[in-house]
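A note on names: the letters A, B, ... follow the listed sequences, proteins ahead of strands, and every chain is numbered from 1.
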Number of protein chains: 2
Amino acid sequence: MWHPADVANSPSGDSVTDRIVRVLETFTPTRTVQTASEVGRRAGLPSSTAHRVVSDLVSAGLLDRDGEGRLSVGLRLWELATRSSHALRVRQAAMPAMERVQARVREHTQLAILEQDEALFLERLSDPDAGANITRIAGRLPLHATSSGLVLLAFADSDVQERVLARPLRRLTSATPTDPATVRRKLAEVRSLGHAIAPGYIEEVSTGVAVPVRDRISGATAALSVVLPREAPTALALEELHRAAREVEAALAGDS
Amino acid sequence: MWHPADVANSPSGDSVTDRIVRVLETFTPTRTVQTASEVGRRAGLPSSTAHRVVSDLVSAGLLDRDGEGRLSVGLRLWELATRSSHALRVRQAAMPAMERVQARVREHTQLAILEQDEALFLERLSDPDAGANITRIAGRLPLHATSSGLVLLAFADSDVQERVLARPLRRLTSATPTDPATVRRKLAEVRSLGHAIAPGYIEEVSTGVAVPVRDRISGATAALSVVLPREAPTALALEELHRAAREVEAALAGDS
DNA sequence: TGACAATTCCCGTTGAACGGGAAGCGGATT
DNA sequence: AATCCGCTTCCCGTTCAACGGGAATTGTCA
């Protein structure tokens with residue numbers, strides 16, 4: 001039998017594999033291109049080692065090197081990950097429903113899942129005329145500060161809830177709830193209403209509304225959300241989201 | 001002692017990095033979940049080695065192990081790749097335009113780039129009511145047999161064109177052009193018209209239409225395409241695609 | 001119960017990875 | 001043109017992590 005509890009958390013373990021991940025992690029959304037020396041410096045590797053490792057990764061296709069010798073994460077990596085990752089089936093199943101929501105509520109429509117006690121955003125459709133939005137695809141946000149996160153947390157296992165509430169709750173705006181008791185009340189409300197509304201929790205000027213995509217058990221496999229201007233009415237978005245969630249549930253039940 | 005006869009297939013170039021890629025490659029869209037032994041067999045690794053490597057990859061987050069010990073490609077890999085890959089900026093820039101096309105032409109709207117002499121599809125929006133379509137996100141198709149591919153090839157460097165045309169051209173349907181001369185004529189036509197139409201090249205029942213997203217130089221950074229039923233009129237789709245392509249070009253020129 | 005496959009553990013061997021150092025290569029500054 | 005500086009490549013002796021055979025363990029199916 002497999003116990004998920006014993007996920008070995010080795011703090012200083014460095015194998016070749018770990019180093020590869022560390023190198024890949026030096027590439028961030030804002031810094032997608034750099035030199036091998038830069039990578040080495042950031043990953044804490046001696047120069048000659050960094051160059052060797054980087055050149056290995058390039059020849060394996062995990063990094064790309066452009067004409068000027070600049071590095072970026074390789075497309076092959078994206079291919080491998082996108083072809084096969086389990087969670088992306090959810091994304092596939094949700095896309096048509098998200099497009100419909102986005103066509104009716106021309107703001108930001110998002111799909112998130114619970115990943116390591118954070119909300120991980122799998123997809124986002126944005127109207128060009130809608131306001132800015134810090135959510136990024138493949139980006140993460142804290143559970144207590146987003147409508148998606150609240151939905152995911154409300155229907156998550158109680159040990160996840162306890163773990164999240166035990167940690168300090170980061171304040172992103174003046175409206176972000178940072179008191180565990182407040183969040184607990186909010187979660188109960190989400191469970192009874194079936195959706196979450198987060199006015200100004202991440203950005204003062206916007207309100208997030210989210211609904212769960214439920215599975216057969218008690219949990220939520222994902223959260224669908226819309227980000228609106230702070231004072232906009234939420235009724236239409238909620239209606240569309242609920243319908244979309246049911247569509248996604250049906251689509252997920254459809255395939256094995 | 002070492003008996004080479006025992007080892008069925010031992011690829012020569014093997015560093016740790018190469019092996020990791022080989023292991024990841026054993027996961028395909030149709031086979032996203034398997035056991036460590038299965039992976040080892042497919043990657044040509046001894047059982048004990050396979051188990052160790054797999055367990056390393058799991059603890060690094062590149063593979064995920066579910067409750068039953070089944071393996072799949074890890075979400076962390078997707079995160080790393082999606083946050084940073086250079087080519088995905090194109091996808092980001094193209095999404096709003098693709099959504100608009102999809103809203104008007106309710107079929108399949110796709111985005112592809114030229115990657116290692118094949119068309120690599122970065123994104124696909126599909127209407128639930130539209131027919132099936134073999135194109136998959138992160139999937140590849142031959143350049144000569146798809147409208148996207150023809151567009152990409154028509155505006156590619158001539159050495160790419162020669163390389164592709166020198167190889168045998170795979171026949172996917174009875175309509176697929178497999179004669180280099182025919183394809184050459186087709187490419188010239190694409191260049192003069194500014195778009196490609198591929199009736200029944202990949203599937204008998206459908207027609208692909210594609211336009212290039214041009215860059216400052218002579219090439220095409222990407223191709224936008226729509227897949228329609230074989231006999232459907234293509235005028236609307238082409239009009240929308242051309243408009244969308246101009247939008248994407250503007251968006252790409254907008255950011256650095 | 002026995003056969004088979006997946007997995008885990010052990011352990012001696014070895015060669016691949018390591019990283020210091022030096023040298024080559026531009027580009028910028030003086 | 002001389003010098004500095006940072007990125008990169010090559011060389012090479014050292015070492016330890018990866019390797020993989022083998023045996024033991026567990027789970028599964030017939």
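D18(B) has its CG atom 12 Å from the P atom of dA16(C), to the nearest Å. Separating the CZ atom of R65(B) from the C1' atom of dA6(C) is a distance of 11 Å, rounded to the nearest angstrom. Summarising the geometry, the separation between CZ on R70(B) and P on dT7(C) is reported as 8 Å, rounded to the nearest angstrom. If you measure from atom CD of E68(B) to atom C1' of dA5(C), you get 17 Å, rounded to the nearest angstrom. Between the CG atom of D56(B) and the P atom of dT8(C) there is a distance of 12 Å, given to the nearest Å.
Of the possible donor and acceptor atoms, one in the side chain of H108(A) sits under 3.5 Å from a partner among the backbone N and O of G131(A). With S59(A) contributing its side chain and D56(A) its backbone, the two residues share a donor-acceptor pair below 3.5 Å. In this structure, Q34(A) contributes its side chain and T26(A) its backbone to a donor-acceptor pair below 3.5 Å. A donor-acceptor contact shorter than 3.5 Å links the side chain of D66(B) to the backbone of E68(B). Under the 3.5 Å distance criterion, the side-chain polar atoms of Q161(A) are matched with a main-chain donor or acceptor of L153(A).
Residues R184(A) and E162(A) are paired through a salt bridge, judged by an N-O separation under 4.0 Å between the basic side chain and the carboxylate. Between E79(B) and R136(A), no side-chain nitrogen of the basic residue sits less than 4.0 Å from a carboxylate oxygen of the acidic one, so the salt-bridge criterion is not met.
Residues L150(A) and V190(A) approach most closely at O-CG1, 4.3 Å, considering heavy atoms.
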Which nucleotides of nucleotides 19-28 of chain C have their base under 4.0 Å from a protein heavy atom (B), which only their sugar-phosphate (S), and which neither (-), written as one string 5' to 3'?
-> BBB-------
Below 3.5 Å between N/O atoms, which protein atoms pair up with nucleotides 3-7 of chain D? Just atom names and distances, please.
unit_1, atom_1, unit_2, atom_2, d
dC7(D), OP1, R41(A), NH2, 3.1
dC7(D), OP2, R41(A), NH2, 2.9

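Between the side chains of T30(A) and T28(A), at least one donor N or O lies within less than 3.5 Å of an accepting N or O.
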Worked verdict on R83(B) versus E25(A) for salt bridge (Lys or Arg N to Asp or Glu O under 4.0 Å) = CA-CA 10 Å; R83(B) 278 197 322 197; E25(A) 276 171 346; over 6 Å; no
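Among R163(A), R140(A), R167(A), the one residue that satisfies the salt bridge (charged side-chain N to carboxylate O under 4.0 Å, His left out) test with E118(A) is R140(A).
Residues from residues 25-32 of chain A with heavy atoms under 4.0 angstrom of DNA chain C: there are none.
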